[in-house]
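Following: one structure in C-alpha cells, then a few remarks.
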Amino acid sequence: VKLEDWYEPLIEKASHNVGVLLCQMENVRYEERLKEKFYVCVHIVFWVYAVTNLLLGLFYFQESFVIMLQKTILPIAPIILYYITIVHDRQEEVEQRSKLEIALRDAWTTVKGRHTVAMSKLENIQTILLAYRCEVNTVPDWFYKMHRNILEDIAYQSTKDRLVELNVIK
C-alpha cells in the first residue's frame, strides 16, 4: 500500500491536531532519510572519482608533479568545491534540524500524555519547518524519484506504528 497524497490515510482516525503532528513528523523524517541517502551517495561518488583520478594521474604523469596537478586535480576542482559545499551545508543542516526535532519530540511527548496538542505548538513547528526547508539544500529530482517508493513504504509503516502507539488503530 502506497501513501495517497503523501500521507497515510489512517491518520484520519486520529484527531485533527494529532494528524497534523504525525504528518509533520513523517514529513521531516522522510526528507531526512532521502537527504541522508543522497549525501552518502555524494560521498561515495566523490571519493571514488577523486582517488581514481589521483591514482591515474600518479601513474600516467610520474615525471612531473605540476603536469599531474594540471591534468588530474584542476579538472576536478569544481567537483571538489561542490563536495566541500555539500559537507559544510550538511553540518549546518543537522544543527538547524535539531531545533525541529526538539519541537517535534516535545509535541509528541504531549500527545502521548494527553492525546492532543495545541494548534499554536503545531504552528510553531510549521514555522520552524518552513525556515529549515528554505535554508537547506534540496535533493535532485532524479534522485528523489529513484528512492521514492521505498521511502513511502517506510513512511507508511512508521506512521502506522505511531498510530498503534497512541491506540488509535490496532
Approximate separation, where rounding is to 0.5 Å, of Glu101 CD and Tyr132 OH: 8.5 Å
Side chains of Val87 and Tyr39 in contact at under 4.5 Å (non-hydrogen atoms): no
Taking all non-hydrogen atoms of both residues, which atom of Val117 and which atom of Ala107 are closest, and how far apart? CG2-CB, 4.1 Å
What's the separation between atom CZ in Phe46 and atom CD1 in Ile84, rounded to the nearest 0.5 Å? 7.0 Å
Consider only side-chain heavy atoms of I, L, V, M, F, W and Y, link residues closer than 4.5 Å, and tell whether Tyr144 and Ile150 are in one cluster. yes
Residue among Lys99, Lys112, Lys121 satisfying salt bridge (Lys or Arg N to Asp or Glu O under 4.0 Å) with Asp106: Lys121
Would Arg97 and Glu93 count as a salt bridge (Lys or Arg N to Asp or Glu O under 4.0 Å) if you check the C-alpha gap in whole Å, the side-chain angles of each, and the deciding distance to 0.1 Å? CA-CA 6 Å; Arg97 196 184 71 249; Glu93 187 178 311; 5.2 Å; no
Once rounded to the nearest 0.5 Å, what's the spacing between atom CD1 of Ile125 and atom CE of Met119? 11.0 Å
Ala103 and Ile128: which non-hydrogen atoms are nearest, and at how many Å? CB-CD1, 4.1 Å
With side-chain contact (heavy atoms from CB on, under 4.5 Å) as the criterion, how do Ile102 and Arg105 come out once you've worked through the C-alpha distance, each side chain's angles and the decisive distance to 0.1 Å? CA-CA 5 Å; Ile102 290 168; Arg105 198 172 23 252; 3.7 Å; yes
Salt bridge (Lys or Arg N to Asp or Glu O under 4.0 Å) between Lys145 and Glu152, intermediate numbers included: CA-CA 11 Å; Lys145 287 177 182 173; Glu152 285 180 358; over 6 Å; no
Can Asp153 and Gln157 be counted as having a side-chain donor-acceptor contact under 3.5 angstrom? no
Val51 and Leu74: same hydrophobic cluster, using ILVMFWY side-chain contacts below 4.5 Å? no
Supply the atom-to-atom distance Ile80 CD1 to Thr85 OG1, rounded to the nearest 0.5 angstrom. 11.5 Å
Would you name the heavy atoms of Gly19 and Ala14 that are closest together and state the gap between them? N-CB, 4.3 Å
If you define the side chain from C-beta out and look only at heavy atoms, does anything of Trp108 sit under 4.5 Å from Val111? yes
Kindly say whether Tyr49 contributes a backbone atom to a donor-acceptor pair with the side chain of Thr52 at under 3.5 angstrom? no
Identify the heavy atoms of Leu34 and Phe143 that sit nearest to each other, and give their distance. O-CE2, 3.8 Å
Hey, could you give me the CD1/CZ distance between Ile154 and Arg29, rounded to the nearest 0.5 Å? 13.0 Å
With clusters defined by side-chain heavy atoms of hydrophobic residues (ILVMFWY) lying less than 4.5 Å apart, directly or transitively, does Ile86 cluster with Trp47? yes
If every non-hydrogen atom of Lys170 is compared with every non-hydrogen atom of Val164, which pair is closest and at what distance? C-CG2, 4.2 Å
Tell me whether Arg114 contacts the main-chain N or O of Thr110 through its side chain, where contact means a donor paired with an acceptor under 3.5 Å. no
Minimal heavy-atom distance between Leu163 and Ile11, with the atoms involved, is CD1-N, 3.9 Å
Intermediate values then yes/no, side-chain contact (heavy atoms from CB on, under 4.5 Å), Arg90 and Lys35: CA-CA 9 Å; Arg90 180 65 175 162; Lys35 286 182 177 186; 4.0 Å; yes
Closer than 3.5 angstrom, by distance alone: can the side chain of Glu26 be matched with the main-chain N or O of Ser158 as a donor-acceptor pair? no
Interatomic distance, CD@Glu165 vs CG@Asp161, rounded to 0.5 Å, equals 8.5 Å
Shared ILVMFWY cluster between Val18 and Ile169, side chains joined below 4.5 angstrom? yes
Common cluster, Phe38/Val45, ILVMFWY with side-chain heavy-atom separation under 4.5 Å: no
